[in-house]
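Computed from a prediction, not measured in an experiment: that's the story for all the values here. First listed ligand is number 1; within each ligand, the first listed atom is number 1.
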Amino acid sequence: MYKLPIVEGTENEKGIDIGKLRDESGYITLDTGYKNTGSTQSSITFLDGEKGILRYRGYPIEQLAEKSTFLEVAYLLIYGELPEKQAFENFQADVKKHQLVHEDMKQILNGFPSTAHPMGVLSSLATSLTAFFPESLDPNRSSDKVNTTIIRLMAKIPTLVAWSYTNARGIKTNYPDNKLDYVSNFLKMMFNLPTEDYEVDPVVVDAMDKIFILHADHEQNCSTSTVRIVGSSHANLYASVAAGINALWGPLHGGANQKVIEMLQNIIANGGDTKKFIDKAKDPNDPFRLMGFGHRVYKNFDPRAEILKKQTDKILEKLGVNEPEFEVAKQLEEAALKDEYFIERKLYPNVDFYSGIIMKAIGIPIDMFPVMFSIGRLPGWIAQWREMRKHNEPIGRPRQIYVGEKERPYKDMASRS
Ligand code: ACO
């Protein structure tokens with residue numbers, strides 16, 4: 001009989017500390033997909049899927065989305081507190097100072113064919129930053145120097161995203177404009193044309209700012225766990241973030257909002273009959289699912305979706321866009337919310353449903369949706385990497401239960417049938 005210590009969090013979440021289990025008993029625990037495994041004790045984000053709660057550093061997501069900005073939320077996540085006025089001014093000024101990227105980065109960009117997926121380009125460019133800042137490779141630099149890397153990432157990733165967008169389209173690169181706020185500057189770098197000045201629309205900026213805030217952290221999800229585990233080998237921050245971008249690329253993680261628009265387009269291509277697709281989603285013998293409905297963690301409602309629903313209505317009204325995808329989305333949303341199948345299983349539209357619609361309305365190409373998610377998740381990745389290093393966490397190295405062949409002798413080629 002072994003007694004294992006209990007660990008309790010500030011919100012009364014309870015865990016069993018098995019840190020010494022193997023040494024003392026010879027047993028390990030098996031938990032594929034880590035559904036029941038806590039990998040760390042973190043002070044960054046709290047979420048309760050049953051109650052629909054999401055808080056960054058204790059602040060409810062609803063209040064942050066309403067009152068804060070993405071850059072202020074980034075500061076909160078990374079440094080742990082809302083900044084005082086002067087500290088925030090300094091942070092903003094530092095980010096602005098580092099928005100430019102080395103001109104040689106364009107040579108790297110030019111090396112990609114125009115068919116390159118923007119997530120592959122972004123993770124490569126994030127790794128390339130190590131070449132321009134080789135001092136970042138040292139894992140034991142002073143916190144001041146690590147902080148410069150943090151600022152550089154926050155400053156340069158949006159520039160690199162915008163440059164990869166314009167480059168793939170053969171459009172002249174736009175440089176950062178330090179007179180603009182973080183999100184306006186990003187949108188201008190994306191959409192400004194030599195023939196037509198991009199007018200920054202406050203409604204669009206507000207919607208994009210909220211999308212970034214709502215995606216900024218989500219505790220130990222797949223990409224964040226990746227960033228922490230890569231960083232636990234003392235890989236530098238650029239490399240760790242690049243690994244996070246690659247993890248986010250998967251359709252089960254950052255690719256879901258893209259799938260929403262593809263599903264809407266598929267419904268239209270098949271005659272626009274939403275009822276037919278709802279019936280397909282309900283059919284247990286049909287693998288089709290309504291993309292953008294349901295969530296692994298949020299079982300009653302997704303607090304982020306509630307916020308973005310309002311933004312979706314605002315943006316569609318303001319931009320007056322009337323694409324068939326939006327009409328189909330509305331029909332699906334209304335029908336599913338009234339349908340017993342979806343009500344019983346608590347399948348509500350999730351954050352991807354609304355963020356997909358908003359980004360489509362703004363004019364962001366759908367293969368760049370996960371890239372937008374990366375910009376939003378960046379401060380979360382940085383905060384989690386920083387926390388992991390501050391706690392001096394050991395290298396991440398799960399165990400396994402081996403189920404392969406027992407020992408057997410090598411067979412010469414001639415004797416293999
Ligand atoms: N459409 C139709 N039926 C669904 C859907 C859906 N989108 N989602 C779940 N169901 C049904 C399942 O068939 C199952 O029915 P059953 O009880 O009759 O067998 C029941 O609801 C429970 O489904 P699970 O798969 O057990 O739920 P789980 O929590 O494992 O899955 C998931 C959550 C993966 C998000 C799922 O709802 C899904 O596939 N949704 C569509 C994809 C999507 O939008 N993903 C983005 C999630 S948000 C994010 O990752 C940021």
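- Comparing Met291, Arg289, Lys346 against atom 13 (O) of ligand 1, the shortest heavy-atom distance belongs to Arg289.
- The shortest contact between atom 49 (C) of ligand 1 and any protein heavy atom is with Asp352 OD2, 3.2 Å.
- At a distance under 4.0 Å, no protein heavy atom can be found next to atom 22 (C) of ligand 1.
- Where the criterion is an N or O separation shorter than 3.5 Å, residue side chain and backbone included, Phe288 fails it with respect to ligand 1.
- Using a cutoff of 4.0 Å between basic side-chain nitrogens and carboxylate oxygens, Asp31 and Lys35 are not scored as salt-bridged.
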Q.
Does His295 form a ring pair (Phe, Tyr, Trp, His ring centres under 6.0 Å) with Phe353? I'd like the steps, not just the answer.
A. CA-CA 11 Å; His295 197 276; Phe353 184 76; over 10 Å; no

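- Here the shortest heavy-atom distance to atom 27 (O) of ligand 1, taken over Lys299, Arg345, Lys35, belongs to Lys299.
- For Tyr341, every heavy-atom contact with ligand 1 shorter than 4.0 Å involves the side chain, none the backbone.
- For atom 4 (C) of ligand 1, the nearest non-hydrogen atom of the protein is Leu347 CD1, 3.4 Å.
- When non-hydrogen atoms are compared, ligand 1 lies under 4.0 Å from neither the backbone nor the side chain of Asp302.
- Between the CZ atom in Phe70 and the NE2 atom in His215 there is a gap of 11.0 Å [rounded to 0.5 Å].
- Nearest protein heavy-atom neighbour of atom 41 (C) of ligand 1: Phe293 O, 3.4 Å.
- Taking the six-membered ring for Trp and the full ring otherwise, Tyr175 and Trp163 have centroids separated by under 6.0 Å.
- With a 4.5 Å cut-off on side-chain heavy atoms, Leu347 and Tyr341 count as touching.
- Proximity to Gly292 (heavy-atom distance under 4.0 Å) selects the following atoms of ligand 1: 43 (C), 44 (O).
- For Phe133 and His102, the distance between ring centers is not under 6.0 angstrom.
- Taking every non-hydrogen atom of Ala281 and a distance limit under 4.0 Å, the qualifying atoms of ligand 1 come out as 2 (C), 3 (N).
- For the residues Leu290, Asn257, Leu252, the heavy atom positioned nearest atom 7 (N) of ligand 1 is part of Leu290.
- A salt bridge links Glu323 with Lys360; the closest basic N to acidic carboxylate O contact falls under 4.0 Å.
- Looking from atom 33 (C) of ligand 1 to the surrounding protein, the closest heavy atom is Arg296 N, 3.6 Å.
- For the residue pair Ser39 and Arg228, no side-chain donor N or O sits within less than 3.5 Å of a side-chain acceptor on the partner.
- For atom 15 (O) of ligand 1, a protein non-hydrogen atom is found at a distance below 4.0 Å.
- The Ala256 neighbourhood of ligand 1 comprises atoms 45 (N), 46 (C), with distances under 4.0 Å to a heavy atom of that residue.
- Considering Asp206, Asp313, Asp201 as possible partners of Lys318, the one that fulfils the salt bridge (Lys or Arg N to Asp or Glu O under 4.0 Å) test is Asp201.
- For Glu89 and Lys85, the salt-bridge test passes: some basic side-chain N is under 4.0 Å from an acidic carboxylate O.
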